[in-house]
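Below, chain A is the first sequence line, B the second, and so on; all start at residue 1. Just so we're clear, the structure is a prediction, and the values are computed from it rather than from any experiment.
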Amino acid sequence: MAPTKDTKEQFPTRAGNTRFYDEMSSASGELRPNYQAYVDWFDGMSAERTGRKRHEADALFRRSGITFAVYGDEAGAERLIPFDVIPRIIPAHEWRSLADGLRQRVKALNAFIHDIYHGQEILKAGRIPAEQVISNAQYRPEMQGVDVPNNIYAAIAGVDIVRAGAGEFYVLEDNLRVPSGVSYMVENRKMMMRLFPELFAKNRVAPVEHYPDLLLDTLRAVAPKGVLDPTVVVLTPGSFNSAYFEHAFLAQQMGVELVEGQDLFVRDEQVFMRTTQGPQRVDVIYRRIDDDFLDPLAFRPDSMLGVPGLLSAYRAGNVTLSNAIGTGVADDKSIYPYVGDMVRFYLGEEPILNNVPTYMLRKPDDLAYTLAHLPELVVKEVHGAGGYGMLVGPASTQAEIEDFRKRILAAPEKYIAQPTLSLSTCPTFVDTGIAPRHIDLRPFVLSGHEVRFVPGGLTRVALKEGSLVVNSSQGGGTKDTWVLED
Amino acid sequence: MKYSIRHETRCHYDSPASYSIRKLRITPREEGGVKISRWEVNTPARSSRSVDAWGNTTHLLSLTAPHENVRIVVTGEVEIPDQGQALIGTDCDGLTLPIYLASTSLTQPDAALSALARTHLGRAPQHIADVLALLEALRAHLRPTPSGGEPLRGAAESFTRQAATLPDQVHVLLTACRAVGLPARFVSGYQLGERVREHAWAGIWLEAAGGWVSFDARRGELASGHQIRLAVGRDYLDACPMRSMHQGGGQEEVRVTVRMM
Amino acid sequence: MLSRTADHLYWMARYVERAENLARMLDVNNRMLLMPQSDRENVRLWRETLDSIGLLQTYFNTHGEKLVPAEVVHFMALDRANPGSIYSCLRAARENAHAVRGTLTAELWETINATWLDLGKFDIARMGADELDAFFEWVKLRSHQFRGVSFATMMRDEANCFLRLGTFIERADNTARILDVKYNFINEAPRRNDAGEYYQWSSLLHSVSAFEIYRKVYRDQITPSRVAELLILRRDMPRSLAYCTDEMLSFLHEVANTRSDETQRRAGELASSLRYGRIDDVLEAGVHSYLTRFIIRINDIGNRIASDFLVPVTT
């Protein structure tokens with residue numbers, strides 16, 4: 001709803017907010033320094049202009065086809081992820097420590113994946129129960145003993161971070177398979193610069209638009225040994241996939257081909273793409289298809305999306321897949337509680353980023369505790385994703401809780417539980433004006449020759465009042481994320 | 001004892017296929033005293049040989065010119081130890097065995113099957129006799145159906161239907177064993193006798209017996225010593241002698257003949 | 001360029017062209033029917049038309065063996081179940097366009113998409129003769145618009161070449177079929193007065209936008225051999241076989257790859273035979289057998305283009 005001319009929105013959080021950490025205001029109601037310049041600018045802007053700009057953003061997103069969700073044949077229904085024009089602003093010192101933590105975490109995760117497919121030292125040392133890893137559905141025996149360039153498995157990681165309590169950062173989830181959302185990070189920034197160019201003159205905001213360049217660099221860095229000028233492609237499940245826009249966006253921005261499985265074929269353990277000028281060798285595949293669908297000769301035989309023989313070419317070292325096959329075991333919710341141990345084991349360091357305390361319901365003690373405290377906890381399916389199959393205790397009815405209790409009891413090993421975090425909030429435009437809404441942050445961590453990222457990431461916001469679920473499939477929106485430079 | 005074997009696979013397409021690719025697992029595993037003295041895999045074009053995650057020798061063959069027929073002829077000589085070899089001690093240990101506990105799409109757990117497994121195999125250590133008792137119960141429950149043209153249904157569906165093809169009989173047994181924490185694997189190969197024929201077994205890791213023990217799910221008995229293992233894996237898809245895909249060509253018809261020479 | 005991308009562009013153009021030529025074919029049949037003639041002849045015309053585009057059996061399967069002209073028109077124009085109808089062609093064109101939306105200019109995508117969306121507004125069952133005319137005109141116009149927009153907005157690169165290849169191969173095929181059916185029909189019809197025959201020939205010329213051209217070129221009365229010459233051999237007549245094969249050859253030349261030598265040779269051979277051919281030889285061989293051979297040859301080249309550059313036609 002567009003605000004009318006004479007009702008100027010106020011940032012309600014400035015009156016103080018004691019329940020949650022607010023990104024803009026302290027508990028006593030004082031404006032945080034990182035928001036000072038922004039709020040000064042906002043106060044000087046007419047309500048009419050803000051309203052107009054919000055509409056403009058909507059129209060621009062729609063016109064450029066930056067849409068989400070499934071394309072339905074005749075209707076051509078495409079949906080926008082709501083974009084909020086109030087940025088999430090992170091001060092330089094906070095980002096530095098976050099960045100250090102992310103670098104450390106992703107290094108440890110890559111070391112872990114390498115280890116479990118080679119010497120398995122961490123299992124031999126008894127730090128993680130071997131069966132937890134090896135019998136995990138995401139563990140791929142096909143990767144045992146396979147060397148990948150630079151020992152990088154998760155070249156692209158999207159680590160979900162939330163802020164809780166008095167403002168500490170917690171890692172909620174490490175997405176090491178095919179994390180998405182980065183196109184929104186880039187497009188949100190372009191949109192903000194287009195709508196409010198003056199803001200970027202007043203604030204020293206670290207740039208993010210060069211992400212595709214960094215990604216291409218990273219992908220080239222993990223090319224098979226001896227390939228000097230690698231051919232990189234983006235492999236998409238096709239135009240009916242909900243993230244197709246992002247696949248097309250990244251391919252176009254990197255200047256590489258966007259291919260589907262049927263465009264590739266394997267001959268003599270090498271991968272080629274079919275072009276009008278004949279077969280062309282492919283060296284690096286940035287794949288946006290899950291492991292199970294990659295190769296119908298090796299995995300699901302009914303997959304129409306993959307390339308038969310791809311696994312053989314990959315194991316022979318003739319092509320790089322990014323991310324590697326079998327990274328899913330490291331971001332599995334049942335392995336998540338051990339990431340701190342990985343940091344200590346492989347890097348000999350103490351973890352910089354916090355993990356959320358996690359109860360593993362396959363353990364009888366944890367199960368008993370969880371069942372006794374369901375109304376306070378968040379319970380998640382070990383293999384679930386996208387905010388489905390989860391119980392948010394404090395936000396659920398008694399009936400929902402009892403229903404979930406039955407599901408847990410039927411197969412406790414399928415669930416973990418965590419305390420409900422008081423996610424931080426950020427002022428956000430809603431129907432009634434501006435109100436605090438819960439947010440998270442997904443920075444994208446690239447590992448090639450070294451770990452690199454663009455400052456910030458994608459901020460997702462739960463638009464429903466009180467909701468803690470930020471997934472776009474569950475009605476979440478996004479914000480531009482600013483990291484201020486010193 | 002020495003066996004001379006000829007294994008021919010003929011694939012035919014309704015019309016010329018523009019491309020086809022197949023992964024072949026048709027080389028004996030040298031384990032349990034089995035020795036290969038000669039083994040030749042003849043394919044219509046160069047194939048790439050490698051060893052897969054389960055230690056099986058595989059050949060990958062891709063054909064990129066239009067073709068209607070693919071003929072793969074394997075000939076060789078294999079020496080089988082005279083004493084039985086239902087038991088094969090292998091180098092599997094606490095770090096590799098859990099692989100064979102993982103469920104796959106064809107070996108998804110089923111509550112009724114798990115319950116049946118627990119009545120026979122509920123108490124460790126499990127012995128060969130316990131597995132045989134379970135097999136007897138399974139044989140009473142599952143009607144064997146011929147494999148030709150039947151789709152793979154997996155353990156849970158087969159158990160519910162009370163009927164199973166050979167590969168699914170094996171899947172049911174594997175799933176039951178895994179439900180009680182016994183590592184179990186799919187084995188494909190040749191059954192030797194008067195004649196030689198393709199067959200599939202279940203390999204079950206019994207600590208008490210000292211390693212992998214082969215069971216014949218169809219006959220409900222220990223696998224005899226007269227067998228040649230071509231491949232092992234978590235299920236049929238990991239261990240079957242051939243998986244193939246093609247473009248164009250319509251339906252693919254496959255004929256396999258194995259004989260002793 | 002990815003073969004799949006080229007394939008979608010090529011088929012997008014073919015389907016638009018096919019829709020246009022179907023409209024032309026239906027249009028000329030409708031005009032011929034305005035002439036006094038027996039029902040038997042009437043049915044013969046539709047039977048031959050359906051047969052020429054390979055849809056006779058499909059029609060029999062769905063409508064029975066009795067040909068009802070009004071039903072045939074609906075079957076060929078808006079029948080959703082008929083894969084060869086104008087409706088199905090425009091849907092296929094739009095599906096191909098959607099798959100390569102990123103390769104098209106925004107204007108071109110919008111043209112194709114809008115055509116598809118507008119198509120839903122027509123309802124053949126309720127159309128009178130006038131409205132049918134208008135519908136066929138609309139299809140032709142949208143096809144012209146498609147070519148115009150692509151000509152004016154697309155970069156002159158490989159994408160453009162494959163798009164044009166699709167247009168000219170389809171047009172060559174379609175012109176040959178239209179001419180084949182009508183040439184036969186008129187010649188075998190019972191002898192009538194000159195006016196009747198004139199009307200038949202002129203409606204054929206109208207259907208391929210060749211009436212004015214004929215007047216300009218020959219400045220004389222309409223004769224069957226000249227009609228054949230114009231539509232087969234005139235290199236300056238944009239719907240003639242000679243023109244289409246010339247264009248096809250030059251676009252093929254631009255995209256040549258290491259596998260396409262034989263395809264180029266065959267295309268060159270075909271184009272030369274038209275460039276240096278004489279109408280007397282065509283007439284001596286028989287127009288029908290000449291066109292039948294031509295259709296086989298042009299489709300052979302189409303299949304070869306698919307396997308050399310695009311996604312091979314598979315079963």
Side-chain angles (χ1 to χ4, degrees), chain A residues 116-117 119-124 126 129-146 261-262 264-272 274 278-279 292 295-304 306-313 315-318 325-326 329 410-411 413, chain B residues 18-25 43 45-56 58-65 92-109 111 114 151-152 178 181 183 185 232-238 240 242-248:
Chain A
I116 57 170
Y117 292 123
Q120 305 185 323
E121 301 302 333
I122 200 165
L123 307 182
K124 288 177 187 157
E131 210 188 303
Q132 276 285 300
V133 175
I134 309 287
S135 310
N136 190 299
Q138 296 297 324
Y139 183 81
R140 301 285 174 187
E142 293 85 351
M143 289 299 290
Q144 279 179 347
V146 176
Q262 53 173 311
L264 303 179
F265 70 96
V266 172
R267 186 176 68 202
D268 298 338
E269 295 188 323
Q270 294 173 340
V271 181
F272 296 86
R274 297 186 167 92
D292 273 341
D295 178 354
L297 274 196
F299 305 116
R300 284 182 61 149
D302 57 345
S303 169
M304 306 295 286
V307 186
L310 183 57
L311 177 71
S312 302
R315 280 171 55 101
N318 292 333
I325 291 173
V329 65
E413 71 283 357
Chain B
S18 57
Y19 172 81
S20 75
I21 184 166
R22 49 196 25 87
K23 192 182 268 180
L24 303 159
R25 285 174 277 247
T43 49
R46 204 176 77 85
S47 61
S48 325
R49 182 176 195 267
S50 60
V51 176
D52 73 8
W54 324 100
N56 308 315
T58 68
H59 288 80
L60 185 74
L61 170 67
S62 44
L63 300 173
T64 51
C92 280
D93 59 21
L95 288 179
T96 45
L97 280 174
I99 291 174
Y100 298 104
L101 288 172
S103 50
T104 62
S105 60
L106 292 171
T107 57
Q108 285 296 309
S114 300
L152 288 169
R178 287 174 192 164
R185 64 186 192 180
V232 305
R234 282 172 308 190
D235 62 18
Y236 174 84
L237 293 172
D238 285 338
C240 60
M242 180 172 84
R243 276 175 82 170
S244 69
M245 302 281 294
H246 61 279
Q247 274 159 6

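Only the side chain of A:Q144 has a heavy atom closer than 4.5 Å to any heavy atom of chain B. Neither the backbone nor the side chain of B:R178 comes within less than 4.5 Å of any heavy atom in chain A. For chain A, no part of B:T104 is nearby; none of its heavy atoms comes within less than 4.5 Å. Residue contact with chain A, scored on non-hydrogen atoms closer than 4.5 Å, involves the side chain of B:L237 exclusively. Neither the backbone nor the side chain of A:A316 comes within less than 4.5 Å of any heavy atom in chain B.
Between chain B and the options A:R267, A:M143, A:R300, heavy-atom pairs under 4.5 Å are most frequent for A:R267. Between chain B and the options A:P141, A:A130, A:P296, the largest number of non-hydrogen pairs under 4.5 Å is found for A:P141. In terms of non-hydrogen atom pairs under 4.5 Å with chain A, the most contact-rich of B:D238, B:L101, B:I99 is B:I99. Put simply, of B:S105, B:P98, B:S244, B:S62, the one with the most heavy-atom pairs under 4.5 Å next to chain A is B:P98.
In this structure, the side-chain hydrogen bond (donor to acceptor under 3.5 Å, both in side chains) partners of B:S50, at least two apart in sequence or on a different chain, are B:T58. Under the rule for a ring-ring contact (aromatic ring centres under 6.0 Å, His included), A:F299 has no partner lying at least two apart in sequence or in another chain.
A salt bridge links B:R234 to A:E142: at least one charged side-chain nitrogen sits closer than 4.0 Å to a carboxylate oxygen. Remark: A:R140 engages A:D292 in a salt bridge, criterion side-chain N to carboxylate O under 4.0 Å.
Residues B:V51 and A:R315 approach most closely at O-NH2, 2.7 Å, considering heavy atoms. Taking each heavy atom of B:L60 and A:S312 in turn, the nearest pair found is CD2-CB, 3.6 Å.
Ring geometry for B:Y100 versus B:W54: interplanar angle of 30 to 60°, hence tilted.
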